[in-house]
Amino acid sequence: MKRLFFMIGCMLLATVSYAQNPAWTKKAAQAVFTLKTFGADGSLLASVNGFFIDEQGQAVSSFAPFKNAQRAVIIDAQGKEMEVDCLIGYNDMYDVAKFHVIAKKTQALSIAQNAASNGATLWLMPYAVKKVPACTKGTVSSAEQFGEGYTYYTLNMETSDQQVGCPILNEQGEAVGILQPSASGKSTTGYAVSARYANSLHMSALSQNDPVLRTVKITKALPDDQSEATLALYVSSSTMSTEEYDQLINRFIEKFPQSSDGYIYRARQKMAKDDFQGADDDMKQAIKVGDMKDDAHYQYAQMVFQKILYKNDKPYEPWTLDFALEEAKAAYNANPQPVYEQLQAQILFAQQKYDEAYNIYMELAKTDMMKAESYYAAAQCKTQMNDKEAALALLDSAVNTFTKPYIKTAAPYLYARAQALFEAKKYRPAVNDYNDYETLMAAQLGANFYFLREQAEFAGHLYQQALNDIRRAAEMEPNELVYRAEKANVELRVGMIDEAIESAKGCISMAPEGSDGYLLLGLAQCVKGQKAEGLKNLTKAKELGNSQAQSLIDKYSK
């Protein structure tokens with residue numbers, strides 16, 4: 001009889017304990033799971049809890065376990081393992097993540113749209129396998145607002161670190177928050193971040209390059225907005241490995257199959273791998289599906305043109321300059337933009353149809369958008385047509401589109417005109433352009449610039465400036481024989497004979513089988529009156545094949 005009463009008592013206690021759970025407990029428990037993340041070597045990194053927020057496999061949990069993770073799985077309330085296929089959104093500060101699990105259908109919790117107020121009753125739903133867990137009841141002791149109307153909760157509730165990531169539910173069974181690690185270390189105090197905030201997380205265009213996110217090797221979702229997703233493709237091209245970037249592009253195409261951008265980006269990747277047929281197929285698809293036919297034709301033309309310029313040793317018969325030109329024309333016919341005409345001119349220039357290219361550039365020069373650039377390109381056409389006077393006049397026009405003080409955009413045109421003036425033997429005007437170029441590009445100049453300016457200065461009888469520049473060039477690149485030899489030559493011409501002798505000896509030391517050092521040394525010695533030594537070195541220069549040596553030997557042998 002005592003045993004019977006004992007059993008009945010136990011049953012009554014169990015009934016009372018179970019009654020403490022809200023009516024929705026059994027169903028809600030099916031939405032909770034354990035999240036496990038793994039490193040590249042397969043080792044377990046972390047294990048926390050989480051819960052589903054829709055029937056298509058979207059879920060939320062802590063973000064920390066994902067750092068350095070190569071793979072993640074969840075184990076649901078039935079003990080079934082499911083793969084995490086992508087991270088949808090995250091916030092490192094609040095340690096919360098939204099992700100997707102590969103599943104046909106998932107039991108989900110509804111997200112509470114209204115925050116719980118101070119003193120409100122909440123429930124912690126722990127994770128359990130194939131049984132209904134006992135919920136923990138508590139109240140809100142503090143509800144602090146953050147962001148755009150989201151809430152961070154401090155709870156009067158018994159919690160443990162093993163329950164991190166579990167849902168905090170209101171009395172209607174809606175998810176109010178996600179349990180976070182205890183900051184106080186007290187088991188009677190819990191902390192939770194808004195479940196509505198977790199549900200709002202998404203990737204932006206720049207998320208792919210976030211240093212924290214890059215530690216996560218699990219696939220990241222693209223932004224839902226197509227323009228944001230396209231920007232993500234652009235910014236990720238220089239930071240991802242080829243394999244990662246290929247996967248990103250394929251996910252873009254899967255998500256936005258009617259966007260030409262994905263096919264264009266994939267075509268570029270294929271062309272980089274010399275898969276010209278694959279690139280061609282993708283570009284045709286880009287033209288077929290895209291709304292902006294002009295841009296797709298333009299990208300196609302540009303791709304063919306670039307291939308011919310830089311990969312012409314790897315033939316692909318359908319891609320010719322004529323074909324590229326037709327695509328550029330198709331782009332212009334669809335939308336008459338100057339940049340499409342410019343590409344036509346570039347292709348015509350490559351076909352050596354300089355007259356036709358020149359005519360287009362001169363038409364483009366009438367527009368404000370690319371006036372200087374068009375004059376410069378027209379000058380290149382005239383140079384190829386051996387009309388250097390017209391080319392120089394066009395470079396004048398290019399430079400004259402700017403006013404002093406020049407801006408940095410003028411730099412390439414000043415540099416080009418300086419070279420053209422030098423070839424026209426207008427040395428001092430060339431030096432002036434080089435000076436203006438130096439003012440704009442001072443931090444980026446190398447030894448070659450100072451060598452080129454020295455040539456103009458020397459020819460223009462600006463000897464001190466020439467000496468200063470060639471010394472600078474030689475200092476910047478001390479192992480460049482040309483600069484050392486020119487330095488010796490300038491020193492000799494301005495009467496610095498001893499310095500010229502030392503510079504010439506330096507040339508010989510650097511290149512003992514070269515003739516220039518012996519020629520310069522021999523000439524300097526002869527000028528100084530050391531004819532015997534000088535003639536000996538001039539003879540050595542002649543033996544090494546220097547064509548100027550004999551005339552100097554004849555001159556100083558008298």
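Quick caveat: nothing in here was measured; it's all calculated off a predicted structure.
Using cut-offs of 30° and 60° for the angle between ring planes, the Y298 and Y340 rings count as tilted. A perpendicular orientation is assigned to the rings of Y94 and Y197, their planes being inclined by more than 60° (bins at 30° and 60°). Between Y316 and W319, the ring-plane angle classifies as perpendicular under the 30° and 60° cut-offs. Taking the six-membered ring for Trp and thresholds of 30 and 60 degrees, Y415 and Y437 have ring planes inclined between 30 and 60 degrees apart.
Using a 4.0 Å cut-off between a side-chain N of Lys or Arg and a carboxylate O of Asp or Glu, E254 and R251 do not qualify as a salt bridge.
The closest side-chain donor-acceptor pair between Q56 and K104, if any, does not fall under 3.5 angstrom. If you check the side chains of Q78 and Q30, you find a donor sitting under 3.5 Å from an acceptor. Of the N and O atoms on the side chains of T106 and E55, not one donor lies less than 3.5 Å from an acceptor on the other residue.
Atom CD of Q172 sits in a crowded spot, with more than 12 heavy atoms from other residues, nucleotides or ligands closer than 6.0 Å. At most 12 non-hydrogen atoms from other residues, nucleotides or ligands lie less than 6.0 angstrom from NZ of K137.
Remark: K270 is not positioned above the aromatic ring of F276, lacking an NZ or CZ atom under 6.0 angstrom from the ring centre and at most 45 degrees off the axis. At least one cation-pi condition fails for R266 and Y263: the charged atom is not both under 6.0 angstrom from the six-membered ring centre and inside a 45 degree cone around its axis.
Side-chain contact between Q163 and L124: present, with at least one pair of heavy atoms (C-beta onward) separated by less than 4.5 Å. Side-chain atoms of F349 and I347, non-hydrogen and from C-beta on, never get closer than 4.5 Å to each other.
Applying the ring pair (Phe, Tyr, Trp, His ring centres under 6.0 Å) test to pairs two or more places apart or on separate chains, those with a residue in residues 34-59 are F33-F52.
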